[in-house]
Structures are given as C-alpha cells and as structure tokens.
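These notes concern the structure reproduced below.
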Amino acid sequence: VENTLLVGLSRQIVLERSMDVVANNLANMNTTGYKSENPLFEDYLRTRGRENRFNVPDRPVEFVLDRGTWHDFTQGALKPTGAPLDIGIKGDGFLVVQTPNGERYTRNGSLQINNQGQLVTSQGYPVLSDGGPIVFQDTDHDISISSRGRVAAIAGISPNNAETLRGTLRLVRFDSPQLLQKEGENLYSVQDGAAPAPVPDTDMQFQQGYVEGSNVNSVLEMTRMLQISRAYTAVANVLQQQSDLHKNAIQQLANVPA
Amino acid sequence: MRAMTTAASGMQAQTLNVDVIANNIANLRTTAFKRQRTEFQDLLYEHLRRIGTQTTDQGNILPVGVDIGSGVKVVGTPRIMTQGVLLQTGNELDVAVRGEGFFKIAMPDGTFSYTRDGSFQLDANGRIVTAQGLVVQPGITVPNNSTSLTINPQGQVSVIIPPATTPTLLGQFVLTRFINKSGLLPIGDNLFQESPASGPPQDGLPDNNGFGNLQQGNLEQSNVDAVTEITELIAAQRAYEMNSKVISAADQMEQTAIGLFR
C-alpha cells in the first residue's frame, strides 16, 4: 500500500484548506466586526490489518484530518466613525438580528434606518430590542445610544429637548461561543441542540459613533501563509522522493542480468 | 483552489475602498462635503463539517465545525454626517449651518433637494439661488437697489432699501432635517435627495426646536480629515498587497502540485 503517498495527500488537502482559511481572513481584514478563523487538525489512525500472523505486526499509520475551524473572539479595535447609528460593542456580547430564517447574532454595529423607521443592519435586517424591532417616528431626530444600549431620540418639537426612549438593545452572550456558526454577512447562528440558549449580557458596553474593526492579525496571517506554502512544498518533496524510490526499485529489480 | 477567488474578492473590495477614499480626498476642499466610509461583510461559508452534528450514539456533538469562508464583499458606503469646520469668507451671501439641518432647494422638475452648501448667489431676478442657479426655499427676492444684506442666526434675511434707514425683512430660510441623514441619496453638485432610508423630510426654522443656526459670512468646510484618509489609504493598499500575496502563494502551491508529475 502506498502509505507515504496517502499520508502526504491527506496533509496536502489539509494545507489547502488552511490556505483557504488564511485567504478568507486576509480578505476580511477590514470587515466590520469580523472574527478571524483558525484551522484545527487532528490525526486519524488507520485501522490495522486484521491478519496478525506476521513476524512484525502491522504498524498503525496516521493521517491528518482537519477537525474544525475555531473562531477567535478577541475584541477588535474600536474605530471612530462619528455616525450616530454606528455602535461598537465592548466585551463578548452579540446584537440580536431578526432575519427571515430566525434570530441571528452579530458584532457588526454599523446600523441604518429603513423606510418603516426600524433600526436595521446594513443588510436590512431589524435589530431587536427587549420588545421587538426598534422603531423611530418620522419626526424623531438626534438619536442617542447609551453605553447600556438605551436607544432614545428627541421626538419632533419637545420642550427642553427631552428624549423619548425607543427601546433597549438586546445584547446576548454565549457560554460556549465556539458553537456559533458563521453564516456570512457578519451573522452567526446557533445550531439546533448544539449550543445552550443565549443569555442576556448584563455587563454590556456600547460606544456610539464607533465600529469594531476586524480582529485579523495581518502579520500572523502572512507568516501562517508562508508556513503553509513551505509545508506544502516539503510534502511534495517527500512524495517526489517516494516516487523516485519506486522508480529506482522497479528499474533495478527488473534489471535481470542476462 | 478557493484561496485564489477568496483573495481576489479581497482585492476587489480594497479597490472599491480606494475609490471611496480617493473621492474623499478629491473633495477635501469641497464646501460642506461629507466623507464616506466603506462597509464590508464576509461572504457565505461552506460548512464542511457542521457544528453540532452528532458524532456518537451517546449524543456527543461536534464542538467545532470546519467552516471555510469565501471572501468579502462591500455592502455599503455610509456617509458620515458630522459637522465640518466653518471658514470665514466675509461674503454676505455665504451661509453656514451650525448644527442640524439642510437648506431646501427647489429642483427644475418641481421636487426638492437638500444641501449644506450655503455659498449662495443672486440671479438676474434678485432671487437667492445656489451656485447652480437653483432657488433656495422659500424663495427670497432681494430688491436691486437694496444695501447691507444681513442674515441672522434664525435665518431671517433683511436689507436696507434707501432712502429708508431701518432694515426691511425679506423672508426667512427654512431648514430640513431627516431622521437618518446618512441615508440621503447624493446626486452630485453638493445636493442630496430624500430616499426610503432617510425618512421623510421635516421642515423647520433655524435656531428653533433642535435645528442649527445660520452663520452669515461663513462656509462649512468638508469634514474630510486628510490624516484619517491617508491612514485609511495605507491600510487599504497593504490589505490589497496581502491579498495579492495570497494569490501568489496559492499559485506556488498549485505549481508544486503540478511539479509532482515528472
């Protein structure tokens, strides 16, 4: 059995996938609220031969398998934008977003208002408060979002510029955020039965006029990319040598003296 | 290899980012220009091993899955509507809004558009118009023999018509505000139009009910900060370079794979 070839192949497949992950991290270097991905590997033990009558027993062969990609949930840098509807989240909470497929979670606090006056994400999904979507009236102006997620606005002509509460943003956290699944569009979903339900985050901190930058560490990703590229070449060399070995073996064994 | 298309999406997104930054820098000295920002989102993920799938009969589940992302996209270029610095010009028809509110401009087609650019002129009929000749609402006409035009913080325009020595009130500017001014539709010439995202216009008078006041003899500068833009430009350029490196690295890996055949 060509074990060297197969083990090498398993490593090469894994390296290609890691390259895809690095490429995605680098592509999302400037994506608001993006959390970088890291590949995880594990070894896979091929089952031994059942025949045990040999003098030297069949030895196990290990293959490489990519077991998963874990999300790095460290805080991204808060970048000032000055827009009143941009909110940066400090800590490990997520905003709750209503999508056609149910509730989703996001760290992207770059918000907008839609034609119904609802507070929405750039994708147009309503952001949920304790009592459903936050809706502004047509006459509202000077929206303020407190560090506790209290969204208020001055309603039309009001004496002393008194603010009217429009809702308190729901911020949730997860005991095991690794079980969140990335959906694209900066959204995360909970797989049925996989993760415990989200719990309200009590030590939330919002910063109005800021957005959270991506937490991709470009230097780390570049070194990782080099590593992958070199490892790939190294494995290819091993495969090449193995192939040469076979070629030589065939040539020499077949070289029957006349 | 997916890494190539992923990195290509990153390069495309950064190209667009540089376009936006270039437009900000080009408008560094445009009256009342508001800078834009590029907003990115990640693309779909392929779940090669889905989180939470059962691995054994005992109900053990996968704690992490294999999620391979496919790149980045630009979802929007929101406009940052912060106040620009006021520049004193001394011109009696230059007006800056300090605070909330846009001037309301009548378009030739009967609709209205909105601007923060208060570099006004008089047309042949003495009406106060924008630099493009569009009438500023509510349409104030200045008599041609009048002198010393003043605009007070409340937007009241008054002149002295000789031989009178006391000012005559000609009219008062209206200002308009929107619940989501970042959602206004830019149409060029420093003008914006109402959009479904901006919400309906709310008219009011300057220096009243939260509207800003007017400053005669001043113009609002663009809110583009050269240092911020250059930093953003450097960041975008570096991101572009790194994505191109990913493409060459992926290419090298493929070459290595091809090199296996001899």
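Values below: every heavy atom of this structure, side chains too, minus hydrogens, waters and symmetry copies. The structure presented is a predicted model; accordingly, all values stated were derived computationally and were not measured.
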* To do: With sequence neighbours left out, write down each residue that passes salt bridge (Lys or Arg N to Asp or Glu O under 4.0 Å) with B:Glu229, or none if nothing qualifies.
  => B:Arg35
* Proximal component of B:Leu48, with respect to chain A [non-hydrogen, under 4.5 Å] -> side chain
* Examine whether an atom of B:Ala257 lies under 4.5 Å from a heavy atom of chain A, and if so say whether it belongs to the side chain, the backbone or both; otherwise answer neither. => both
* **Contact check, side chains of A:Glu183 and B:Leu44, non-hydrogen atoms, under 4.5 Å** => no
* **Partner chain B: residue of A:Gln112, A:Gln116, A:Gln137 with the largest heavy-atom pair count (under 4.5 Å)** => A:Gln112
* To do: Identify which one of B:Met242, B:Arg238, B:Glu241 satisfies the side-chain contact (heavy atoms from CB on, under 4.5 Å) criterion when paired with A:Ser218.
  => B:Met242
* Structure fact -> Between A:Met19 and B:Ala250, the two heavy atoms sitting closest are CE-N, 3.7 Å
* List in chain and number order the residues that pass side chain to side chain donor-acceptor pair (under 3.5 Å) with A:Glu103, two or more places apart in sequence or in another chain; answer none if no residue qualifies. => A:Arg170
* Which residues in residues 25-33 of chain A have any heavy atom lying under 4.5 Å from a heavy atom of chain B? -> A:Leu26, A:Ala27, A:Asn28, A:Met29, A:Asn30, A:Thr31, A:Thr32
* Charged N-O contact under 4.0 Å between B:Asp67 and A:Lys182 -> no
* Heavy-atom contact with chain A under 4.5 Å, split by part of B:Arg2 -> both
* Asked: Measuring heavy-atom distances to chain B, does A:Val216 have an atom under 4.5 Å in its side chain, in its backbone, in both, or in neither?
  -> neither
* Asked: With respect to chain B, which residue among A:Asn108, A:Val21, A:Leu85 yields the maximal number of heavy-atom pairs within a distance under 4.5 Å?
  -> A:Asn108
* To do: Tell me, out of A:Ser229, A:Ser214, A:Gly117, A:Pro84, who's got the most heavy-atom pairs with chain B below 4.5 Å.
  => A:Ser229
* Asked: By a 4.5 Å heavy-atom criterion (distance strictly below it), what part of B:Met81 contacts chain A: side chain, backbone, both, or neither?
  -> neither
* **Side-chain ion pair, A:Glu185 and B:Lys73, N-O less than 4.0 Å** => yes
* Please look at A:Asp86 and chain B and tell me whether the side chain, the backbone, both or neither of the residue comes under 4.5 angstrom of a heavy atom of that chain. => side chain
* Asked: Residue by residue, which of residues 11-33 of chain B have a heavy atom closer than 4.5 Å to a heavy atom belonging to chain A?
  -> B:Gln14, B:Asn17
* Donor-acceptor pair, A:Asn24 side chain versus B:Gly71 backbone, under 3.5 Å? -> yes
* Asked: Is the backbone N or O of B:Ile68 less than 3.5 Å from a side-chain atom of A:Asp20, with the two atoms forming a donor-acceptor pair by type?
  -> no
* Do B:Asn180 and A:Phe136 touch side chain to side chain, with heavy atoms closer than 4.5 Å? -> no
* Structure fact -> Okay, B:Ser70 and chain A: the region with an atom under 4.5 Å from a heavy atom over there is backbone
* Segment of B:Ile179 engaging chain A (4.5 angstrom heavy-atom cut-off) -> both
* Among A:Ala83, A:Pro39, A:Ser110, which residue forms the greatest number of heavy-atom pairs with chain B at distances under 4.5 Å? -> A:Ser110
* To do: Work out which heavy atom in B:His47 is nearest to a heavy atom in A:Gln181; give both atom names and the distance.
  => NE2-NE2, 3.0 Å
